[in-house]
Amino acid sequence: MDLIEPVSKLSGDKPVIKETTHWYLDLPKFEQELRSWLKTKDYWKDNVKNFIMGWLDEGLKQRAITRDLDWGVPIPLENTEGKVLYVWFDAPIGYLSSTKEWAEKIGEPEKWKDYWLDKKTKMIHFLGKDNIPFHTIIWPAMLMEQKQQFVLPYDVPANEYLNLEGKKMSTSRNWTVWVEDFLKYFDGEYLRYVLAANAPESKDSDFSWKDFQAKVNNELNNVLGNLANRTFVFSKKYFDGYVTRPDKLSKKAETTLEKVFGHAKKTGKAFKNYQVRKATKLFMDIARIGNRYFDETKPWETVKQEKKKAEETLYICCSILRIISIIATPVIPKGMKRLRLMLDLKDNYLWEDQAKNPKEYQIDKIERLFEKIDDKEIEKQYEILGDRRSDQNPQHEHKPEIQFEDFMKMEIRIAKILKAEKIKKSNKLLKLEVNIGNEERTVVAGISKYYKPENLIGKKVPMLVNLKARKVMGIESQAMILAAEDKDELALLHPDKDVNEGSEIS
RNA sequence: GGCGACGUAGCUCAGUUGGUUAGAGCAUCGGAAUCAUAAUCCGGGUGUCCGGGGUUCAAGUCCCUGCGUCGCUACCA
């Protein structure tokens, strides 16, 4: 038992020690094999490598892979009733079994082997940093021990954390955005875009509704949506929707296209390196190039005297949109599909099809690619967040009823803090010298995060003084300070009027 | 305290193996344009690259140190 005098937070009961049997994964046995395997992963992200090396250097420990629970995946062995697999032992196996299920569904039950047993397969796990050890230590160790040679993870590009309005997300505190709620108000495509544009790839990043609105309005709508709209409307108005390829491109058109292809190539490279954020910026920059080109070639002027020139502008803009419709698909698939439909292009295409410039674009129906979000909608989201914040402590779990005598067992007195200092090697604890009337005592209190020692001196606070003394960090604590705890805040209590130290509370 | 990171423009963030006058978007100010979803385009930056040392011909980038923030971890009787 590692815990010191533990009690249940819900019932206040003391836990009962029970004997049980568990199965363990013998991780230390795999250390050498894991190390030499990880040595080949010099292309992994530094944050991932650092994390694993930390684990390895501290020494791997045997890890229980079973739990005593009445739900979960049962152990496929005899006499194991009531035992289930530990979630991070069975979850990765799901990757394999779902492939098998898929193979069976398509009528080729052996097909899964093409992936799991082929050395050329690149298995890539996308996850948040808290999931690194399961996919880089435990899961590979499981695979290594199999008779069949399964492929090991090729890369584990773990991301950092995404904060919400500057604060760490927490589902238990309801400080989060639930996808199903989000979808009630906005198109999921917008979330995909904003998350891609601001993914915590190299460090924690922040999601704020204001920023969400700005990105949807300024980028998706004003830059990309408007480029499509102005191009299409113009084509419709002056060319009846038919935009044909010029026999020979002007220099301006050529250099513009070159630049676009250059960006597109970089976009592909960024995707391959899991730099979704960079890729997103790149394809949006292509739309910016398109807008600039549109402005510089002034089709609204050339259309009057040199109609061919105006047509070239539109043709290039359509081509730019066509290229974007391919390379932005991983991030905003629905919008890009609609863009292709408006361009009268096939839905079925490959990344390489960028280079295929059609003879003609046919614009028929024009619809908005994206919609803007107005301030009211964002205010609504802030209201929802606010409601949640006040909703954070819904009902208290009450402790069992006690008798008056139980309460009377406690001796609580007002103590005056005489001295306060930090305890070295600790960042939560303060050592206090207090006067409880006719005697002085030493108290260790875990309030360092909330109070500076110098601000405590002279304060009068309630203390539980007849609690059994206990050594903490080598110091004997002879009483317990009482304070109110509210989520991330902690407040000491003060008597309403000045009373002498030693006054008893009843 | 130990381990791991982070600190770049008002805001959100880029900055490849150290190499010209440190960048983008937003915001802000000024201008152009009128095809377009009041959209677009051009121009405007005195940033102690957290502070202080050091290595180097050269440091936002490497090393040491201090401060601050965050995560994991131990001690909140």
message = Need one value for A/Lys281: base, sugar-phosphate or nothing, where a base atom within 4.0 Å counts as base even if backbone is also close, heavy atoms only.
response = sugar-phosphate

message = Under 4.0 Å, heavy atoms only, any strand: does A/Ala445 hit a base, just the sugar-phosphate, or nothing?
response = sugar-phosphate

request  = Could you work out which one of B/A77, B/U40, B/U34 sits closest to the side chain of A/Asn226?
outcome  = B/U40

query = Of the candidate nucleotides B/A77, B/U40, B/G25, which contains the atom at the shortest distance from the side chain of A/Asn291?
reply = B/U40

inquiry  = Regarding A/Phe294, tell me which of base, sugar-phosphate or nothing describes its non-hydrogen contacts under 4.0 Å with the strands shown.
reply    = base

ask   = OP1 or OP2 of B/G15 sitting under 4.0 Å from any side-chain N/O of A/Lys278?
value = no

B/G30 versus B/C70 - spacing of their C1' atoms, nearest Å = 41 Å

ask   = Can you tell me the Watson-Crick or wobble partner of B/A33, both distances under 3.5 angstrom?
value = none

ask   = So what does A/Leu369 touch, heavy atoms closer than 4.0 Å: a base, only the sugar-phosphate, or nothing?
value = base

request  = Map A/Asn222 and A/Phe234 onto RNA chain B by nearest heavy atom, then report which one ends up closer to the 5' terminus.
outcome  = A/Phe234

task = Report which part of the nucleic acid A/Val443 touches: base, sugar-phosphate, or nothing (heavy-atom distance under 4.0 Å, all strands).
result = nothing

ask   = Roughly, in whole Å, what's the span from CD in A/Gln478 to P in B/A77?
value = 13 Å

query = Base, sugar-phosphate alone, or nothing: which one does A/Ser205 contact when heavy atoms must sit under 4.0 Å apart?
reply = sugar-phosphate

query = Looking only at atom C1', what distance separates B/G44 and B/G60, rounded to whole Å?
reply = 25 Å

ask   = What nucleotide, of B/A77, B/G25, B/C35, holds the atom closest to the side chain of A/Glu219?
value = B/G25

request  = Measure from CZ on A/Phe212 to C1' on B/C13 and round the result to the nearest Å.
outcome  = 19 Å

request  = Answer with base, sugar-phosphate or nothing: what part of the nucleic acid does A/Lys237 contact at a heavy-atom distance below 4.0 Å?
outcome  = sugar-phosphate

task = Specify the separation, in whole Å, of atom CD of A/Glu201 and atom C1' of B/U12.
result = 15 Å

P gap between B/U21 and B/A59, integer Å = 11 Å

inquiry  = Regarding A/Asp155 and A/Lys41, does a basic nitrogen lie under 4.0 Å from an acidic carboxylate oxygen?
reply    = no

query = Should B/U17 form a Watson-Crick or G-U wobble pair with both distances under 3.5 Å, which nucleotide is its partner?
reply = none

key: Rounded interatomic separation in angstrom, taking CZ from A/Arg230 and P from B/A33   = 15 Å

ask   = Does a side-chain N-to-carboxylate-O contact under 4.0 Å join A/Arg292 and A/Asp295?
value = no

request  = Using a heavy-atom cut-off of under 4.0 Å over every strand shown, decide if A/Ala479 touches base, sugar-phosphate, or nothing.
outcome  = sugar-phosphate

ask   = When the C1' atoms of B/C26 and B/G45 are considered, how many whole Å apart are they?
value = 15 Å

query = So, A/Glu367 and A/Arg338, do they make that salt bridge, N to O below 4.0 Å?
reply = yes

request  = Give a yes or no on whether the backbone of A/Trp209 and the side-chain of A/Glu165 come within a donor-acceptor separation of less than 3.5 Å.
outcome  = yes

request  = Pick base, sugar-phosphate or nothing for A/Glu296, based on heavy-atom distances below 4.0 Å to the nucleic acid.
outcome  = nothing

ask   = Of the nucleotides B/C35, B/U34, B/C13, which one has an atom closest to the side chain of A/Asp295?
value = B/C35

query = If you look at every strand shown and take non-hydrogen atoms under 4.0 Å, does A/Phe370 touch a base, only sugar-phosphate, or nothing?
reply = base

inquiry  = Taking A/Arg322 first and then A/Asp344, would you say they form a salt bridge - that is, a charged N and a carboxylate O separated by under 4.0 Å?
reply    = no

key: Ion pair check, A/Glu296 and A/Lys298, cut-off under 4.0 Å   = no

request  = Select base, sugar-phosphate, or nothing to describe what A/Asn229 touches, counting heavy atoms under 4.0 Å on all strands.
outcome  = base

inquiry  = Are there over 12 heavy-atom neighbours, none belonging to A/Lys236, within less than 6.0 Å of that residue's NZ?
reply    = yes

query = Nearest of B/C76, B/U8, B/U40 to any side-chain atom of A/Lys203?
reply = B/U8

Touch class at under 4.0 angstrom, heavy-atom based, for A/Arg292 against every strand present = sugar-phosphate

ask   = If you take atom types as modelled and just measure distance, does the side chain of A/Asp211 reach the base of B/U12 with a donor-acceptor pair under 3.5 Å?
value = no

key: Whole angstrom value for the distance that separates P of B/A36 from CZ of A/Phe239   = 14 Å

ask   = Can you tell which of B/U37, B/C35, B/C26 lies closest to the side chain of A/Trp300?
value = B/C35

key: Pair partner, B/G4 [Watson-Crick or wobble, under 3.5 Å]   = B/C70

ask   = Base, sugar-phosphate alone, or nothing: which one does A/Leu429 contact when heavy atoms must sit under 4.0 Å apart?
value = base

task = Between A/Val223 and A/Glu160, just flag the one whose closest nucleotide in RNA chain B comes earlier from the 5' side.
result = A/Glu160

query = Rounding to the closest angstrom, what is the interatomic distance between B/U17 and B/A77 at atom P?
reply = 48 Å

ask   = Is a salt bridge present between A/Glu160 and A/Lys129, judged by a nitrogen-to-oxygen distance below 4.0 Å?
value = yes

ask   = How many Å lie between CD on A/Glu311 and C1' on B/C35, as a whole number?
value = 15 Å

task = Name the closest nucleotide to the A/Asp204 side chain, picking from B/C70, B/U34, B/C41.
result = B/C70

ask   = Tell me: CZ of A/Arg288 to P of B/A36, nearest whole Å?
value = 22 Å

B/G31 versus B/G66 - spacing of their C1' atoms, nearest Å = 48 Å

remark   = Closest of B/U12, B/A77, B/U40 to the A/Asn198 side chain is B/U12

salt_bridge(A/Arg470, A/Glu476) N-O dist < 4.0 Å = no

task = Nearest whole angstrom, please: distance from the P of B/G23 to the CG of A/Asp285.
result = 16 Å

task = Would you mind pulling out the nucleotide paired to B/U61, Watson-Crick or G-U wobble, both distances under 3.5 Å?
result = none

key: Pairwise P distance for B/G4 and B/G10, with rounding to whole Å   = 32 Å

message = Can you check the distance between B/U8 and B/A14, where both ends of the measurement are the P atom (answer in whole Å)?
response = 10 Å

